[in-house]
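Below is one structure, written out as structure tokens; comments come after it.
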Protein chains: 2
Amino acid sequence: MENSAENVRSQMRKGVLEYCILSILEKKEAYASSILEELKSANMIVVEGTLYPLLIRQKNQGLLSYRWEESTQGPPRKYYCITEKGRQQLGEMDLAWQEIVETIKTIKGQVL
Amino acid sequence: MENSAENVRSQMRKGVLEYCILSILEKKEAYASSILEELKSANMIVVEGTLYPLLIRQKNQGLLSYRWEESTQGPPRKYYCITEKGRQQLGEMDLAWQEIVETIKTIKGQVL
DNA sequence: AATAATTACCTTGTGTTGCAAGGTATTTAA
DNA sequence: TTAAATACCTTGCAACACAAGGTAATTATT
């Protein structure tokens, strides 16, 4: 019914993906395909059907803005850029992430 | 429409909660209310409506078993216990968690 | 004895998220 | 002119967390 190992990873990605996107865009603007590559090279497998709706959601929430840019090879690219509101959200996410990492450490206790 | 800071935490909990439950039950058997308390003391806020379906899901997947035990104060308690299959799943989750922590570090890059 | 408080269990309905599996449009190479 | 590559996007589904309810057993209070 499910590939256990892959399902485990998929579930853990939830909620962390938005954090990853904002973190990537904090450094420099990027378009969807390049974000996919950066995630892939960081070992986080994400598919288009996940990323596009996510970017649109974050744009609708005012966390991102975008501009079109012609490409020398292929169709135009939609470059996303983090907004001030996005930076604030990212700050909250940094805190939330650190808290969760600490929580897991606490629960795993002396085992780890 | 949403409390941003709390929503961020709620989303990040997704997928990690199952990991927390198995980790808690790895150490010793426990019943729902005591699991709630342990999570709370580790700073992870979870409500009953989240925990009960989760325990039932994990039991149905064969990751947990349970037994009833009378209580000296109140109704009987349902003590959950991790199974061998649960331990295997926990092993996969340990790996998945470490991978995600590494991934975030990679993405945050030299910033952190 | 009747009522309230406490402790423990559980369910239903809703919104969010990730994914599989599709699709459209532009440019370049064959 | 056809195919390949690149880039965009949508629809339908399943899993999850949560709010807001509810039931049942024991003990304390009136």
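Please read all numbers here as calculations on a predicted model, not as lab measurements. Only heavy atoms go into these numbers, but all of them, side chains included; no hydrogens, no water, no symmetry mates. By convention in this document, chain letters (A, B, ...) are assigned in the order of the sequence lines, proteins followed by strands, and residues within each chain are numbered from 1.
Residue A/Gln73 contributes atom CD, which lies 18 Å from atom P of D/dA4 at whole-angstrom precision. Distance CZ (A/Arg77) to P (C/dT26): 16 Å, rounded to an integer number of Å. Counting to the nearest Å, the P atom of D/dC16 and the CG atom of B/Leu55 are 13 Å from each other. The distance between atom CD of A/Glu69 and atom P of D/dT6, rounded to the nearest whole Å, is 18 Å. Atom pair B/Leu36:CG and D/dA17:C1' shows a separation of 13 Å (rounding to whole Å applied). D/dA19 atom P lies 16 Å from atom OH of B/Tyr52, rounded to whole Å. Rounded to a whole Å, the OH atom of A/Tyr19 is 23 Å from the P atom of C/dT16. One interatomic measurement links the two molecules: CD of B/Glu48 to P of C/dT11, which rounds to 13 Å at whole-angstrom precision.
Salt bridge status for B/Arg67 with B/Glu69: present, with a side-chain N to carboxylate O gap under 4.0 Å. Between A/Glu92 and A/Arg87 there is no salt bridge, since no side-chain N of the basic residue sits under 4.0 Å from a carboxylate O of the acidic one.
Under 3.5 Å, the side chain of B/Glu18 and the base of D/dC16 form no donor-acceptor pair of N or O atoms.
Dashed line: the shortest gap from a side-chain N or O of A/Lys78 to OP1 or OP2 of D/dC9 is under 4.0 Å. Between B/Arg57 and the phosphate of C/dT11, there is no side-chain N or O to OP1/OP2 separation shorter than 4.0 Å.
For B/Ser33, the side-chain atoms get nearest to C/dC9 when compared with the rest of C/dC9, C/dT7, D/dA17. Among D/dA7, C/dT11, C/dG18, the nucleotide with an atom closest to any side-chain atom of A/Tyr31 is D/dA7. Taking every side-chain heavy atom of B/Arg13 into account, D/dC18 is the closest of C/dA25, C/dG18, D/dC18. Nearest to the side chain of B/Val46, among D/dT10, C/dA8, D/dC18, sits D/dC18.
Residues A/Ser71 and A/Leu54 both approach DNA chain C. Their nearest nucleotides, taken by heavy-atom distance, put A/Leu54 toward the 5′ side. If A/Pro75 and A/Gly49 are placed on DNA chain D by their nearest nucleotide, the residue sitting closer to the 5' end is A/Pro75.
Residue contacts shown for A/Thr72 are limited to sugar-phosphate atoms, with no base heavy atom under 4.0 Å away. Counting any heavy atom pair closer than 4.0 Å across all strands shown, A/Thr50 reaches a base atom.
Remark: B/Asp94 CG to B/Glu99 CD distance equals 11.5 Å, nearest 0.5 Å.
Using a 4.5 Å heavy-atom cutoff, the side chains of A/Ile104 and B/Val101 are not in contact.
Cation-pi contact between A/Lys78 and A/Tyr31: absent, since separation from the ring centre below 6.0 Å together with deviation from the ring axis within 45° is not met.
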